[in-house]
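When reading the values below, keep in mind they use all heavy atoms of this one structure, side chains included, and skip hydrogens, waters and symmetry mates. For clarity, every value in this text was computed on a predicted model and none was experimentally measured. We count residues from 1, following the sequence as given.
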Amino acid sequence: MVTIWGWIPLDNWWVRCVEFPRIQIMVLGVIAWMGMLVFWSEWQLGQWLLFMVLSMALAFQLRMILPYTRLWKKEVQQAKETPVGEAHQLKMNRPDYIGEWIA
């Protein structure tokens, strides 16, 4: 059902969100992780292994999501401010380049 939902030709955020499953996977994982902690009892080996695997899966999802949030350091520097008319101008049209073409 969710796979077909992504094919709907709407650009609303609540329709497009199914195309990015990492966040949904992480939310479900956090709910399961917190549920395991809330309903803590004497765990057996299988429950400890499930908890550890779930914790590693959540850490992996967080590692994949964080670079796209404001919490992560930007990898690209800010562009220098350029005059509006110079933004799309070829540099060989500048007067200091003309002398190189004539000579």
Side-chain angles (χ1 to χ4, degrees):
M1 178 71 178
V2 175
T3 304
I4 297 171
W5 187 357
W7 294 343
I8 297 173
L10 294 174
D11 288 332
N12 299 346
W13 69 267
W14 57 272
V15 175
R16 296 291 76 146
C17 72
V18 297
E19 295 178 356
F20 305 99
R22 288 201 191 279
I23 296 172
Q24 289 89 338
I25 291 168
M26 187 160 158
V27 168
L28 291 174
V30 167
I31 291 170
W33 193 82
M34 290 179 69
M36 289 184 78
L37 290 178
V38 168
F39 299 109
W40 179 281
S41 64
E42 295 298 320
W43 284 5
Q44 297 173 1
L45 179 63
Q47 290 166 315
W48 279 108
L49 289 175
L50 178 64
F51 185 75
M52 294 305 294
V53 168
L54 183 57
S55 298
M56 289 188 296
L58 286 174
F60 175 76
Q61 293 298 333
L62 192 61
R63 180 180 176 272
M64 299 303 286
I65 293 172
L66 274 180
Y68 299 100
T69 65
R70 293 182 184 188
L71 301 173
W72 207 256
K73 179 185 169 194
K74 291 184 181 179
E75 295 180 9
V76 183
Q77 297 177 353
Q78 281 298 102
K80 293 187 292 185
E81 196 66 37
T82 58
V84 176
E86 194 177 308
H88 299 290
Q89 186 179 26
L90 290 174
K91 297 299 180 189
M92 65 183 190
N93 291 341
R94 292 186 355 206
D96 56 335
Y97 282 9
I98 292 176
E100 294 176 14
W101 286 93
I102 294 174

Q: Under a single-linkage definition using a 4.5 Å side-chain heavy-atom cutoff for Ile, Leu, Val, Met, Phe, Trp and Tyr, are Trp33 and Trp48 assigned to the same hydrophobic cluster?
A: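 Both belong to a single hydrophobic cluster.
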
Q: Once rounded to the nearest 0.5 Å, what's the spacing between atom CE of Met52 and atom CG of Leu50?
A: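 Answer for the CE-CG pair, Met52 versus Leu50, is 11.0 Å.
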
Q: Mind checking the CD-CD spacing from Gln47 to Glu42? Nearest 0.5 Å is all I need.
A: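 Between atom CD of Gln47 and atom CD of Glu42 there are 10.0 Å.
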
Q: Which ILVMFWY residues are connected to Leu28, directly or by a chain of links, through side-chain heavy atoms under 4.5 Å apart?
A: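 Joined to Leu28, directly or through intermediates: none.
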
Q: So, using side chain to side chain contact (heavy atoms under 4.5 Å, CB included) as the criterion, who are the partners of Ile31 when residues are at least two apart?
A: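 Val27.
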
Q: Is there a continuous path of hydrophobic side-chain contacts, each under 4.5 Å between heavy atoms, that joins Leu58 to Ile23?
A: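 Hydrophobic grouping puts Leu58 with Ile23.
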
Q: Locate the shortest heavy-atom distance separating Met36 from Trp43; write the atom from each residue and the value.
A: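 Taking every non-hydrogen atom into account, O-CZ2, 3.2 Å.
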
Q: Quick one: pull up CG in Leu37 and CH2 in Trp40 and give me the separation to the nearest 0.5 Å.
A: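 The distance works out to 7.0 Å.
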
Q: Answer with yes or no whether the hydrophobic clustering places Phe39 together with Leu45; edges join I, L, V, M, F, W, Y residues whose side-chain heavy atoms lie under 4.5 Å apart.
A: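 No, Phe39 does not connect to Leu45 through the hydrophobic network.
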
Q: Would you say Val30 and Phe60 are hydrophobically clustered, going by side-chain heavy atoms of ILVMFWY under 4.5 Å?
A: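 Different clusters.
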
Q: Ignoring hydrogens, what is the shortest heavy-atom contact between Leu54 and Gly29? Give both atom names and the distance.
A: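 Nearest pair, atom of Leu54 first, then Gly29: CD2-O, 3.9 Å.
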
